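Read the structure below first, then the notes.
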Amino acid sequence: MTEPKTIPELARFQAGFQQMAREMLPAIRRAMRPLVEFTQSPEGKALIADYERREQLGLLDSMQSCNCLCGVRHSSQPLCLGEVPRNEIVTVRISSVSVGAVDVPMCRPCGAAIA
């Protein structure tokens, strides 16, 4: 069988890319370490398990992000996680000095706490 003809530009690119990957790998490992450690912690495992449970129940598409910052405790979960069923989102108008009146999506308990 005949060896394919080597294209010099491709060989230089491949060598350069491999060198770049070798140089970047330690920095990537350092950057990823906190994430890996979190996923192995009890909190990380609980968060992953909750996500997987909601995924299996088909709840991920029915959830919507809210911008709750008040830390109101809910009856269905220990603390507002910033994600609630779409039918429980309310809009609260908040005045901001920098941008004026802004409509902010929030879950009902957090919206009621601010209103």
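Just so it is clear, the model here is predicted, and its values are computed rather than measured. Just so it is clear, the values below take in all heavy atoms, side chains as well, and ignore hydrogens, waters and symmetry mates.
Cluster annotation: Val99 and Val92 are assigned to the same hydrophobic cluster (Ile/Leu/Val/Met/Phe/Trp/Tyr, side-chain heavy-atom contacts under 4.5 Å, transitive). A single hydrophobic cluster is seen to contain both Met20 and Ile28, as judged by linkage of ILVMFWY side chains at heavy-atom distances under 4.5 Å, directly or through other members. Hydrophobic clustering (side-chain heavy atoms under 4.5 Å, transitive across Ile, Leu, Val, Met, Phe, Trp, Tyr) keeps Met24 apart from Val36.
Within a 6.0 Å sphere centred on CZ of Arg22, other residues, nucleotides and ligands contribute more than 12 heavy atoms.
One distance of note links CG of Leu35 with CD of Gln40; it measures 10.0 Å at 0.5 Å rounding. Atom CZ of residue Arg30 and atom CG of residue Leu25 lie 10.0 Å apart, to the nearest 0.5 angstrom.
Side chains of Gln56 and Glu52: no donor on one and acceptor on the other come within 3.5 Å.
With sequence neighbours excluded, the residues forming a side chain to side chain donor-acceptor pair (under 3.5 Å) with Glu43 are Ser41, listed by chain and number. With sequence neighbours excluded, no residue forms a side chain to side chain donor-acceptor pair (under 3.5 Å) with Arg12. Annotation: ring pair (Phe, Tyr, Trp, His ring centres under 6.0 Å) contacts of Phe38 (sequence neighbours excluded): none.
Residues Asp103 and Arg93 come closest through the heavy atom pair OD1-NE, 2.9 Å.
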